[in-house]
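Please read the structure below before turning to the comments.
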Protein chains: 4
Amino acid sequence: MSLHIEPSSPDPIYRQIVGQVARMVAAGQCPPGTRLPSVREVAAAHAVNPMTVSKAYAQLEAQGLLERQRGKGMVVAAQAPASRSIRDRLQALAPALEEVARQAGQLGLEEGPVIEALRQRMQNENREQ
Amino acid sequence: MSLHIEPSSPDPIYRQIVGQVARMVAAGQCPPGTRLPSVREVAAAHAVNPMTVSKAYAQLEAQGLLERQRGKGMVVAAQAPASRSIRDRLQALAPALEEVARQAGQLGLEEGPVIEALRQRMQNENREQ
Amino acid sequence: MSLHIEPSSPDPIYRQIVGQVARMVAAGQCPPGTRLPSVREVAAAHAVNPMTVSKAYAQLEAQGLLERQRGKGMVVAAQAPASRSIRDRLQALAPALEEVARQAGQLGLEEGPVIEALRQRMQNENREQ
Amino acid sequence: MSLHIEPSSPDPIYRQIVGQVARMVAAGQCPPGTRLPSVREVAAAHAVNPMTVSKAYAQLEAQGLLERQRGKGMVVAAQAPASRSIRDRLQALAPALEEVARQAGQLGLEEGPVIEALRQRMQNENREQ
DNA sequence: GTGGTCTAGACCACC
DNA sequence: GTGGTCTAGACCACA
(Lines give C-alpha, C1' and ligand atoms only; values in the text may rest on other atoms or scores of the structure.)
Protein backbone atom coordinates (compact mmCIF):
# COMPACT_ATOMS: atom_id res chain seq x y z
CA MET A 1 0.00 0.00 0.00
CA SER A 2 2.34 2.75 -1.21
CA LEU A 3 1.15 5.98 -2.76
CA HIS A 4 2.58 7.99 -5.60
CA ILE A 5 2.05 11.75 -5.47
CA GLU A 6 2.75 14.20 -8.26
CA PRO A 7 2.88 17.68 -6.73
CA SER A 8 2.92 19.40 -10.11
CA SER A 9 -0.10 17.53 -11.46
CA PRO A 10 -3.10 19.58 -12.53
CA ASP A 11 -5.36 17.68 -10.23
CA PRO A 12 -5.04 18.31 -6.53
CA ILE A 13 -2.98 16.14 -4.24
CA TYR A 14 -5.88 15.01 -2.12
CA ARG A 15 -7.70 13.83 -5.22
CA GLN A 16 -4.67 11.92 -6.43
CA ILE A 17 -4.70 10.02 -3.16
CA VAL A 18 -8.43 9.38 -3.36
CA GLY A 19 -8.14 8.08 -6.90
CA GLN A 20 -5.22 5.78 -6.22
CA VAL A 21 -6.67 4.23 -3.10
CA ALA A 22 -10.05 3.79 -4.77
CA ARG A 23 -8.54 2.00 -7.76
CA MET A 24 -6.33 -0.23 -5.65
CA VAL A 25 -9.27 -1.24 -3.52
CA ALA A 26 -11.40 -1.86 -6.58
CA ALA A 27 -8.66 -4.00 -8.07
CA GLY A 28 -8.66 -6.13 -4.97
CA GLN A 29 -5.06 -5.27 -4.18
CA CYS A 30 -6.14 -4.26 -0.68
CA PRO A 31 -8.58 -6.75 0.85
CA PRO A 32 -10.97 -5.44 3.51
CA GLY A 33 -9.17 -4.84 6.75
CA THR A 34 -5.92 -3.74 5.15
CA ARG A 35 -4.46 -0.94 7.23
CA LEU A 36 -3.54 2.28 5.46
CA PRO A 37 -0.44 4.29 6.25
CA SER A 38 -1.27 6.88 8.89
CA VAL A 39 -2.00 10.44 7.94
CA ARG A 40 1.25 11.55 9.50
CA GLU A 41 3.28 8.89 7.72
CA VAL A 42 1.96 9.83 4.32
CA ALA A 43 2.38 13.51 5.07
CA ALA A 44 5.97 13.07 6.15
CA ALA A 45 6.86 10.70 3.32
CA HIS A 46 5.64 13.09 0.63
CA ALA A 47 6.36 16.40 2.32
CA VAL A 48 2.70 17.24 2.31
CA ASN A 49 0.49 18.85 4.93
CA PRO A 50 -1.29 16.29 7.13
CA MET A 51 -4.61 18.02 6.51
CA THR A 52 -4.30 17.32 2.82
CA VAL A 53 -3.93 13.61 3.48
CA SER A 54 -6.66 13.72 6.08
CA LYS A 55 -9.01 15.30 3.57
CA ALA A 56 -8.42 12.46 1.15
CA TYR A 57 -9.02 9.83 3.82
CA ALA A 58 -12.21 11.58 4.95
CA GLN A 59 -13.49 11.56 1.41
CA LEU A 60 -12.73 7.87 1.02
CA GLU A 61 -14.52 7.19 4.28
CA ALA A 62 -17.54 9.11 3.01
CA GLN A 63 -17.51 6.94 -0.10
CA GLY A 64 -17.60 3.87 2.08
CA LEU A 65 -14.23 2.57 0.92
CA LEU A 66 -12.43 3.13 4.20
CA GLU A 67 -13.40 2.76 7.83
CA ARG A 68 -12.01 4.59 10.82
CA GLN A 69 -10.81 2.42 13.64
CA ARG A 70 -10.70 4.89 16.47
CA GLY A 71 -7.24 5.31 17.84
CA LYS A 72 -5.80 2.86 15.34
CA GLY A 73 -6.15 4.47 11.94
CA MET A 74 -7.97 3.78 8.70
CA VAL A 75 -8.55 0.36 7.19
CA VAL A 76 -10.19 -0.80 3.99
CA ALA A 77 -13.88 -1.11 4.78
CA ALA A 78 -15.51 -4.49 5.22
CA GLN A 79 -18.20 -3.67 2.68
CA ALA A 80 -15.66 -2.24 0.25
CA PRO A 81 -16.36 -3.68 -3.20
CA ALA A 82 -13.15 -5.65 -3.20
CA SER A 83 -11.84 -7.17 -6.37
CA ARG A 84 -14.69 -6.09 -8.53
CA SER A 85 -15.33 -7.89 -11.78
CA ILE A 86 -13.52 -6.85 -14.93
CA ARG A 87 -16.77 -5.45 -16.17
CA ASP A 88 -17.12 -3.20 -13.11
CA ARG A 89 -13.55 -2.05 -13.29
CA LEU A 90 -13.95 -1.21 -16.96
CA GLN A 91 -16.85 0.94 -15.96
CA ALA A 92 -14.59 2.84 -13.57
CA LEU A 93 -12.34 3.42 -16.56
CA ALA A 94 -15.21 4.65 -18.74
CA PRO A 95 -14.79 8.40 -18.25
CA ALA A 96 -11.14 8.25 -19.30
CA LEU A 97 -12.00 6.13 -22.33
CA GLU A 98 -14.82 8.47 -23.24
CA GLU A 99 -12.41 11.37 -23.19
CA VAL A 100 -10.00 9.57 -25.52
CA ALA A 101 -12.78 8.67 -27.93
CA ARG A 102 -14.12 12.21 -28.00
CA GLN A 103 -10.75 13.81 -28.53
CA ALA A 104 -9.80 11.25 -31.16
CA GLY A 105 -13.02 12.00 -33.03
CA GLN A 106 -12.37 15.71 -32.96
CA LEU A 107 -8.82 15.12 -34.16
CA GLY A 108 -10.15 13.06 -37.05
CA LEU A 109 -8.11 10.04 -36.03
CA GLU A 110 -9.00 6.52 -37.10
CA GLU A 111 -9.40 3.62 -34.73
CA GLY A 112 -6.22 1.81 -35.83
CA PRO A 113 -3.52 4.31 -34.91
CA VAL A 114 -5.23 5.26 -31.65
CA ILE A 115 -5.49 1.68 -30.49
CA GLU A 116 -1.89 1.06 -31.45
CA ALA A 117 -0.77 4.11 -29.47
CA LEU A 118 -2.73 2.95 -26.43
CA ARG A 119 -1.23 -0.52 -26.67
CA GLN A 120 2.25 0.97 -26.54
CA ARG A 121 1.41 3.16 -23.56
CA MET A 122 0.04 0.21 -21.64
CA GLN A 123 3.12 -1.87 -22.30
CA ASN A 124 5.31 0.97 -21.07
CA GLU A 125 3.13 1.16 -17.99
CA ASN A 126 3.68 -2.52 -17.25
CA ARG A 127 7.42 -2.26 -17.72
CA GLU A 128 7.65 0.59 -15.26
CA GLN A 129 5.94 -1.30 -12.51
CA MET B 1 -18.56 24.04 -36.42
CA SER B 2 -20.78 23.17 -33.48
CA LEU B 3 -19.53 22.98 -29.93
CA HIS B 4 -20.41 20.53 -27.20
CA ILE B 5 -20.25 21.91 -23.65
CA GLU B 6 -20.59 19.96 -20.44
CA PRO B 7 -21.29 22.41 -17.60
CA SER B 8 -20.85 19.78 -14.93
CA SER B 9 -17.54 18.52 -16.30
CA PRO B 10 -14.53 18.72 -14.03
CA ASP B 11 -12.59 20.79 -16.50
CA PRO B 12 -13.61 24.38 -16.97
CA ILE B 13 -15.89 25.53 -19.73
CA TYR B 14 -13.40 27.84 -21.38
CA ARG B 15 -10.93 25.01 -21.64
CA GLN B 16 -13.53 22.71 -23.16
CA ILE B 17 -14.07 25.26 -25.90
CA VAL B 18 -10.36 25.84 -26.49
CA GLY B 19 -9.70 22.12 -26.68
CA GLN B 20 -12.49 21.37 -29.10
CA VAL B 21 -11.69 24.17 -31.51
CA ALA B 22 -7.99 23.37 -31.44
CA ARG B 23 -8.60 19.72 -32.22
CA MET B 24 -11.03 20.41 -35.02
CA VAL B 25 -8.64 22.86 -36.63
CA ALA B 26 -5.77 20.41 -36.27
CA ALA B 27 -7.86 17.74 -37.94
CA GLY B 28 -8.44 19.99 -40.90
CA GLN B 29 -12.16 19.95 -40.31
CA CYS B 30 -12.17 23.76 -40.38
CA PRO B 31 -10.05 25.14 -43.21
CA PRO B 32 -8.58 28.64 -42.78
CA GLY B 33 -11.26 31.27 -43.14
CA THR B 34 -14.01 29.18 -41.58
CA ARG B 35 -16.20 31.50 -39.52
CA LEU B 36 -16.84 30.64 -35.88
CA PRO B 37 -20.16 31.19 -34.13
CA SER B 38 -20.18 34.57 -32.37
CA VAL B 39 -19.52 34.85 -28.69
CA ARG B 40 -23.16 35.77 -28.15
CA GLU B 41 -24.43 32.83 -30.17
CA VAL B 42 -22.35 30.34 -28.23
CA ALA B 43 -23.20 31.97 -24.92
CA ALA B 44 -26.92 31.91 -25.65
CA ALA B 45 -26.92 28.40 -27.09
CA HIS B 46 -25.23 26.90 -24.06
CA ALA B 47 -26.44 29.23 -21.32
CA VAL B 48 -22.92 30.24 -20.57
CA ASN B 49 -21.43 33.56 -19.55
CA PRO B 50 -20.27 35.46 -22.68
CA MET B 51 -17.06 36.36 -20.92
CA THR B 52 -16.25 32.68 -20.68
CA VAL B 53 -16.61 32.20 -24.43
CA SER B 54 -14.71 35.37 -25.08
CA LYS B 55 -11.86 34.16 -22.90
CA ALA B 56 -11.65 30.94 -24.89
CA TYR B 57 -11.60 32.77 -28.21
CA ALA B 58 -8.95 35.16 -26.95
CA GLN B 59 -6.78 32.25 -25.93
CA LEU B 60 -7.19 30.61 -29.31
CA GLU B 61 -6.30 33.89 -30.98
CA ALA B 62 -3.17 34.12 -28.84
CA GLN B 63 -2.24 30.62 -29.98
CA GLY B 64 -2.53 31.77 -33.58
CA LEU B 65 -5.37 29.42 -34.41
CA LEU B 66 -8.03 32.11 -34.81
CA GLU B 67 -8.07 35.60 -36.25
CA ARG B 68 -10.33 38.48 -35.41
CA GLN B 69 -11.98 39.97 -38.52
CA ARG B 70 -13.48 43.33 -37.71
CA GLY B 71 -17.23 43.26 -37.94
CA LYS B 72 -17.33 39.60 -38.86
CA GLY B 73 -16.13 37.85 -35.73
CA MET B 74 -13.52 35.15 -35.43
CA VAL B 75 -12.34 32.95 -38.29
CA VAL B 76 -9.83 30.15 -38.48
CA ALA B 77 -6.45 31.81 -39.07
CA ALA B 78 -4.74 31.65 -42.44
CA GLN B 79 -1.54 30.38 -40.86
CA ALA B 80 -3.38 27.84 -38.76
CA PRO B 81 -1.53 24.54 -39.09
CA ALA B 82 -4.45 22.83 -40.75
CA SER B 83 -4.61 19.08 -41.14
CA ARG B 84 -1.56 18.13 -39.21
CA SER B 85 -0.03 14.72 -39.71
CA ILE B 86 -1.45 11.70 -37.94
CA ARG B 87 1.71 11.53 -35.90
CA ASP B 88 1.23 15.10 -34.66
CA ARG B 89 -2.39 14.52 -33.87
CA LEU B 90 -1.61 11.37 -31.93
CA GLN B 91 0.75 13.43 -29.86
CA ALA B 92 -2.09 15.77 -29.01
CA LEU B 93 -3.96 12.70 -27.80
CA ALA B 94 -1.07 11.49 -25.66
CA PRO B 95 -2.12 12.92 -22.29
CA ALA B 96 -5.54 11.31 -22.51
CA LEU B 97 -3.99 7.98 -23.47
CA GLU B 98 -1.50 8.26 -20.65
CA GLU B 99 -4.33 8.74 -18.21
CA VAL B 100 -6.13 5.63 -19.48
CA ALA B 101 -2.98 3.54 -19.24
CA ARG B 102 -2.26 4.70 -15.69
CA GLN B 103 -5.78 4.09 -14.41
CA ALA B 104 -6.01 0.74 -16.15
CA GLY B 105 -2.77 -0.32 -14.46
CA GLN B 106 -4.05 0.68 -11.04
CA LEU B 107 -7.31 -1.14 -11.73
CA GLY B 108 -5.36 -4.28 -12.58
CA LEU B 109 -6.86 -4.48 -16.05
CA GLU B 110 -5.23 -6.32 -18.93
CA GLU B 111 -4.61 -4.82 -22.35
CA GLY B 112 -7.26 -6.86 -24.14
CA PRO B 113 -10.45 -5.77 -22.41
CA VAL B 114 -9.32 -2.16 -22.28
CA ILE B 115 -8.58 -2.02 -25.99
CA GLU B 116 -11.89 -3.70 -26.73
CA ALA B 117 -13.75 -1.16 -24.60
CA LEU B 118 -12.01 1.70 -26.36
CA ARG B 119 -12.87 0.23 -29.75
CA GLN B 120 -16.54 0.19 -28.82
CA ARG B 121 -16.45 3.77 -27.52
CA MET B 122 -14.87 4.98 -30.73
CA GLN B 123 -17.45 3.26 -32.88
CA ASN B 124 -20.24 4.84 -30.84
CA GLU B 125 -18.53 8.17 -31.24
CA ASN B 126 -18.51 7.79 -35.00
CA ARG B 127 -22.14 6.79 -35.14
CA GLU B 128 -23.21 9.82 -33.13
CA GLN B 129 -21.55 12.25 -35.45
CA MET C 1 -32.05 30.47 4.13
CA SER C 2 -30.44 31.61 7.37
CA LEU C 3 -28.22 29.43 9.47
CA HIS C 4 -27.91 29.10 13.21
CA ILE C 5 -24.51 28.17 14.58
CA GLU C 6 -23.70 27.17 18.14
CA PRO C 7 -19.94 27.48 18.63
CA SER C 8 -20.00 25.75 21.98
CA SER C 9 -21.97 22.74 20.76
CA PRO C 10 -20.34 19.34 21.10
CA ASP C 11 -20.73 18.64 17.43
CA PRO C 12 -18.48 20.54 15.07
CA ILE C 13 -19.54 23.70 13.31
CA TYR C 14 -19.25 22.28 9.83
CA ARG C 15 -21.54 19.44 10.78
CA GLN C 16 -24.09 21.81 12.25
CA ILE C 17 -24.24 23.55 8.89
CA VAL C 18 -24.52 20.27 7.02
CA GLY C 19 -27.34 19.10 9.24
CA GLN C 20 -29.34 22.30 9.03
CA VAL C 21 -29.10 22.65 5.29
CA ALA C 22 -29.93 19.00 4.77
CA ARG C 23 -33.03 19.22 6.93
CA MET C 24 -34.24 22.42 5.34
CA VAL C 25 -33.84 20.94 1.90
CA ALA C 26 -35.61 17.78 2.96
CA ALA C 27 -38.46 19.83 4.39
CA GLY C 28 -38.89 21.55 1.05
CA GLN C 29 -38.10 24.94 2.54
CA CYS C 30 -35.48 25.44 -0.18
CA PRO C 31 -36.72 24.32 -3.60
CA PRO C 32 -34.08 23.24 -6.14
CA GLY C 33 -32.24 26.22 -7.50
CA THR C 34 -32.34 28.20 -4.27
CA ARG C 35 -29.06 30.03 -3.90
CA LEU C 36 -27.16 29.58 -0.64
CA PRO C 37 -25.34 32.38 1.13
CA SER C 38 -21.76 32.50 -0.07
CA VAL C 39 -18.99 30.93 1.94
CA ARG C 40 -17.61 34.35 2.77
CA GLU C 41 -21.00 35.68 3.85
CA VAL C 42 -21.61 32.84 6.26
CA ALA C 43 -18.07 33.02 7.53
CA ALA C 44 -18.33 36.75 8.20
CA ALA C 45 -21.82 36.55 9.69
CA HIS C 46 -20.86 33.93 12.24
CA ALA C 47 -17.22 34.86 12.79
CA VAL C 48 -16.11 31.53 11.49
CA ASN C 49 -13.26 30.57 9.21
CA PRO C 50 -14.30 30.36 5.54
CA MET C 51 -12.72 26.94 5.25
CA THR C 52 -15.08 25.60 7.87
CA VAL C 53 -18.07 26.73 5.86
CA SER C 54 -16.49 25.52 2.66
CA LYS C 55 -16.02 22.10 4.18
CA ALA C 56 -19.71 21.90 4.99
CA TYR C 57 -20.72 22.94 1.50
CA ALA C 58 -18.33 20.44 -0.05
CA GLN C 59 -19.86 17.68 2.01
CA LEU C 60 -23.37 18.68 1.00
CA GLU C 61 -22.27 18.69 -2.61
CA ALA C 62 -20.85 15.19 -2.19
CA GLN C 63 -24.22 14.10 -0.81
CA GLY C 64 -25.90 15.45 -3.92
CA LEU C 65 -27.93 18.06 -2.05
CA LEU C 66 -26.08 21.08 -3.44
CA GLU C 67 -24.61 21.93 -6.82
CA ARG C 68 -21.75 24.26 -7.59
CA GLN C 69 -22.45 26.89 -10.17
CA ARG C 70 -18.96 27.91 -11.12
CA GLY C 71 -18.30 31.52 -10.33
CA LYS C 72 -21.77 31.99 -8.92
CA GLY C 73 -21.93 29.94 -5.77
CA MET C 74 -23.85 26.96 -4.48
CA VAL C 75 -27.51 26.24 -5.17
CA VAL C 76 -29.86 23.50 -4.02
CA ALA C 77 -29.40 20.65 -6.50
CA ALA C 78 -32.00 19.91 -9.14
CA GLN C 79 -32.20 16.27 -8.07
CA ALA C 80 -32.34 17.18 -4.40
CA PRO C 81 -35.14 15.20 -2.75
CA ALA C 82 -37.23 18.32 -2.16
CA SER C 83 -40.17 18.26 0.19
CA ARG C 84 -39.94 14.64 1.03
CA SER C 85 -42.95 12.87 2.42
CA ILE C 86 -43.66 12.91 6.13
CA ARG C 87 -42.69 9.29 6.21
CA ASP C 88 -39.27 10.03 4.72
CA ARG C 89 -38.67 12.93 7.05
CA LEU C 90 -39.59 10.82 10.05
CA GLN C 91 -36.95 8.41 8.90
CA ALA C 92 -34.40 11.21 8.99
CA LEU C 93 -35.46 11.75 12.57
CA ALA C 94 -35.12 8.08 13.45
CA PRO C 95 -31.62 8.15 14.96
CA ALA C 96 -32.57 10.91 17.36
CA LEU C 97 -35.77 9.09 18.35
CA GLU C 98 -33.85 5.88 18.78
CA GLU C 99 -31.51 7.62 21.17
CA VAL C 100 -34.40 8.94 23.26
CA ALA C 101 -36.05 5.53 23.41
CA ARG C 102 -32.82 3.82 24.45
CA GLN C 103 -31.98 6.33 27.15
CA ALA C 104 -35.56 6.35 28.44
CA GLY C 105 -35.46 2.57 28.69
CA GLN C 106 -32.21 2.64 30.63
CA LEU C 107 -33.63 5.32 32.91
CA GLY C 108 -36.64 3.12 33.57
CA LEU C 109 -39.04 5.81 32.38
CA GLU C 110 -42.57 5.03 31.20
CA GLU C 111 -43.97 6.18 27.90
CA GLY C 112 -46.37 8.74 29.36
CA PRO C 113 -44.01 11.18 31.06
CA VAL C 114 -41.49 11.00 28.21
CA ILE C 115 -44.10 11.80 25.58
CA GLU C 116 -45.41 14.63 27.70
CA ALA C 117 -41.91 16.07 28.07
CA LEU C 118 -41.35 15.87 24.33
CA ARG C 119 -44.66 17.58 23.65
CA GLN C 120 -43.61 20.51 25.82
CA ARG C 121 -40.23 20.79 24.14
CA MET C 122 -41.81 20.85 20.70
CA GLN C 123 -44.23 23.58 21.71
CA ASN C 124 -41.37 25.66 23.04
CA GLU C 125 -39.58 25.07 19.77
CA ASN C 126 -42.53 26.39 17.81
CA ARG C 127 -42.90 29.46 20.00
CA GLU C 128 -39.25 30.35 19.51
CA GLN C 129 -39.52 30.34 15.76
CA MET D 1 -25.94 -5.54 34.17
CA SER D 2 -25.15 -6.08 30.51
CA LEU D 3 -23.78 -3.37 28.28
CA HIS D 4 -24.59 -2.56 24.70
CA ILE D 5 -21.74 -1.04 22.68
CA GLU D 6 -21.95 0.41 19.18
CA PRO D 7 -18.41 0.71 17.81
CA SER D 8 -19.53 2.69 14.78
CA SER D 9 -21.56 5.20 16.77
CA PRO D 10 -20.60 8.83 16.54
CA ASP D 11 -20.11 9.11 20.27
CA PRO D 12 -17.08 7.46 21.76
CA ILE D 13 -17.12 4.06 23.33
CA TYR D 14 -16.08 5.16 26.80
CA ARG D 15 -18.92 7.66 26.84
CA GLN D 16 -21.41 5.00 25.78
CA ILE D 17 -20.38 2.93 28.77
CA VAL D 18 -20.50 5.84 31.19
CA GLY D 19 -23.93 6.88 29.97
CA GLN D 20 -25.45 3.44 30.19
CA VAL D 21 -24.16 2.66 33.65
CA ALA D 22 -25.18 6.08 34.96
CA ARG D 23 -28.71 5.71 33.62
CA MET D 24 -29.16 2.22 34.95
CA VAL D 25 -27.97 3.24 38.39
CA ALA D 26 -30.22 6.28 38.34
CA ALA D 27 -33.15 4.08 37.44
CA GLY D 28 -32.50 1.92 40.45
CA GLN D 29 -31.90 -1.11 38.27
CA CYS D 30 -28.59 -1.69 40.03
CA PRO D 31 -28.87 -1.28 43.80
CA PRO D 32 -25.72 -0.29 45.72
CA GLY D 33 -23.30 -3.18 45.94
CA THR D 34 -24.17 -4.63 42.55
CA ARG D 35 -20.98 -5.96 41.00
CA LEU D 36 -20.00 -4.75 37.53
CA PRO D 37 -18.38 -6.99 34.93
CA SER D 38 -14.60 -6.69 35.09
CA VAL D 39 -12.70 -4.51 32.67
CA ARG D 40 -11.32 -7.62 30.99
CA GLU D 41 -14.71 -9.21 30.63
CA VAL D 42 -16.22 -6.16 29.01
CA ALA D 43 -13.19 -5.66 26.80
CA ALA D 44 -13.22 -9.27 25.63
CA ALA D 45 -16.98 -9.41 25.15
CA HIS D 46 -17.07 -6.34 22.93
CA ALA D 47 -13.64 -6.49 21.31
CA VAL D 48 -12.72 -3.19 22.84
CA ASN D 49 -9.45 -1.92 24.23
CA PRO D 50 -9.33 -2.58 28.01
CA MET D 51 -8.02 0.93 28.56
CA THR D 52 -11.24 2.28 27.11
CA VAL D 53 -13.35 0.35 29.59
CA SER D 54 -11.02 1.29 32.39
CA LYS D 55 -11.35 4.95 31.50
CA ALA D 56 -15.13 4.69 31.66
CA TYR D 57 -15.05 2.99 35.06
CA ALA D 58 -12.59 5.56 36.38
CA GLN D 59 -14.90 8.34 35.29
CA LEU D 60 -17.87 6.69 36.96
CA GLU D 61 -15.83 6.26 40.12
CA ALA D 62 -14.93 9.95 40.02
CA GLN D 63 -18.62 10.74 39.76
CA GLY D 64 -19.25 8.72 42.88
CA LEU D 65 -21.45 6.16 41.16
CA LEU D 66 -19.02 3.27 41.45
CA GLU D 67 -16.60 2.10 44.11
CA ARG D 68 -13.46 0.08 43.72
CA GLN D 69 -13.43 -2.98 45.98
CA ARG D 70 -9.95 -4.45 46.22
CA GLY D 71 -9.78 -7.83 44.60
CA LYS D 72 -13.43 -7.81 43.60
CA GLY D 73 -13.63 -5.09 40.99
CA MET D 74 -16.12 -2.28 40.75
CA VAL D 75 -19.48 -2.22 42.50
CA VAL D 76 -22.26 0.31 42.56
CA ALA D 77 -21.39 2.79 45.31
CA ALA D 78 -23.23 2.83 48.59
CA GLN D 79 -23.93 6.52 48.31
CA ALA D 80 -25.05 6.22 44.70
CA PRO D 81 -28.30 8.17 44.34
CA ALA D 82 -30.29 5.09 43.48
CA SER D 83 -33.72 5.29 42.02
CA ARG D 84 -33.97 9.01 41.50
CA SER D 85 -37.38 10.60 41.03
CA ILE D 86 -39.10 10.57 37.67
CA ARG D 87 -38.59 14.30 37.48
CA ASP D 88 -34.83 13.94 37.92
CA ARG D 89 -34.63 11.17 35.39
CA LEU D 90 -36.59 13.20 32.86
CA GLN D 91 -34.03 15.92 33.28
CA ALA D 92 -31.30 13.46 32.38
CA LEU D 93 -33.27 12.79 29.21
CA ALA D 94 -33.62 16.49 28.35
CA PRO D 95 -30.69 16.85 25.94
CA ALA D 96 -31.89 13.97 23.79
CA LEU D 97 -35.43 15.38 23.74
CA GLU D 98 -34.10 18.81 22.86
CA GLU D 99 -32.29 17.35 19.90
CA VAL D 100 -35.44 15.62 18.64
CA ALA D 101 -37.47 18.81 18.97
CA ARG D 102 -34.87 20.87 17.09
CA GLN D 103 -34.50 18.41 14.23
CA ALA D 104 -38.24 17.93 13.95
CA GLY D 105 -38.69 21.67 13.66
CA GLN D 106 -36.13 21.94 10.90
CA LEU D 107 -37.73 19.02 9.12
CA GLY D 108 -41.08 20.79 9.24
CA LEU D 109 -42.71 17.94 11.12
CA GLU D 110 -45.83 18.35 13.26
CA GLU D 111 -46.12 17.16 16.83
CA GLY D 112 -48.53 14.32 16.05
CA PRO D 113 -46.46 12.11 13.76
CA VAL D 114 -43.31 12.65 15.80
CA ILE D 115 -44.98 11.62 19.04
CA GLU D 116 -46.51 8.62 17.33
CA ALA D 117 -43.11 7.58 15.98
CA LEU D 118 -41.54 7.92 19.42
CA ARG D 119 -44.33 5.84 20.95
CA GLN D 120 -43.59 3.03 18.52
CA ARG D 121 -39.86 3.18 19.19
CA MET D 122 -40.42 2.97 22.92
CA GLN D 123 -42.69 -0.03 22.59
CA ASN D 124 -40.11 -1.78 20.45
CA GLU D 125 -37.50 -0.93 23.04
CA ASN D 126 -39.57 -2.58 25.75
CA ARG D 127 -40.20 -5.68 23.69
CA GLU D 128 -36.49 -6.16 23.04
CA GLN D 129 -35.57 -6.11 26.69
C1' DG E 1 -17.46 38.20 -7.26
C1' DT E 2 -17.43 32.80 -6.50
C1' DG E 3 -15.30 28.35 -4.41
C1' DG E 4 -10.78 25.38 -4.11
C1' DT E 5 -6.34 24.13 -2.44
C1' DC E 6 -2.60 24.14 0.49
C1' DT E 7 0.26 25.43 4.44
C1' DA E 8 1.68 25.89 9.30
C1' DG E 9 0.50 25.36 13.62
C1' DA E 10 -2.50 24.77 17.63
C1' DC E 11 -5.54 22.07 20.34
C1' DC E 12 -8.72 18.26 21.26
C1' DA E 13 -10.60 13.52 21.66
C1' DC E 14 -9.94 8.84 21.49
C1' DC E 15 -7.48 4.37 22.17
C1' DG F 1 0.04 6.50 18.95
C1' DT F 2 -4.40 7.65 15.93
C1' DG F 3 -7.59 11.09 13.33
C1' DG F 4 -10.52 15.60 13.80
C1' DT F 5 -11.32 20.43 14.05
C1' DC F 6 -10.33 25.04 13.58
C1' DT F 7 -7.65 29.18 12.49
C1' DA F 8 -5.15 32.60 9.70
C1' DG F 9 -3.46 33.64 5.65
C1' DA F 10 -1.82 32.94 0.94
C1' DC F 11 -2.60 31.88 -3.77
C1' DC F 12 -5.19 29.99 -7.69
C1' DA F 13 -8.98 29.15 -11.06
C1' DC F 14 -13.28 30.31 -12.76
C1' DA F 15 -17.21 33.35 -14.41
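Each chain gets a letter, A, B and so on, in the order its sequence line appears, and its residues count up from 1. Quick caveat, the model's predicted, so the values are computed rather than measured.
Note: CE (D:M51) to C1' (F:dG1) measures 11 Å, nearest angstrom. Rounded to whole angstrom, the span from the CG atom of C:L66 across to the P atom of E:dT2 amounts to 16 Å. As a whole-Å value, the separation of C:Q59 CD from F:dT5 C1' is 12 Å.
Of the candidates F:dA15, E:dT7, E:dG4, F:dA15 carries the atom nearest the B:Y14 side chain, counting heavy atoms from C-beta on.
Distances shown here put every side-chain N or O of D:R15 at or beyond 4.0 Å from the OP1 or OP2 atom of E:dA13. Contact annotation: A:R70 side-chain N/O to F:dT2 OP1/OP2 distance is not under 4.0 Å. Residue C:S38 places at least one side-chain N or O closer than 4.0 Å to OP1 or OP2 of E:dT2. Distances shorter than 4.0 Å separate some side-chain N or O of C:K55 from OP1 or OP2 on F:dT5.
Checked options D:L66, D:V75, D:L3; the residue passing with D:L36 is D:L66 (criterion: side-chain contact (heavy atoms from CB on, under 4.5 Å)).
Mapped onto DNA chain E by nearest heavy atom, D:I13 and A:T52 fall at different nucleotides, with A:T52 at the one closer to the 5' end.
Evaluation of atom-type donor-acceptor distances gives a pair under 3.5 Å for the side chain of A:R40 against the base of F:dG3.
No hydrogens or angles considered: a donor-acceptor pair under 3.5 Å links the side chains of A:E99 and A:Q103.
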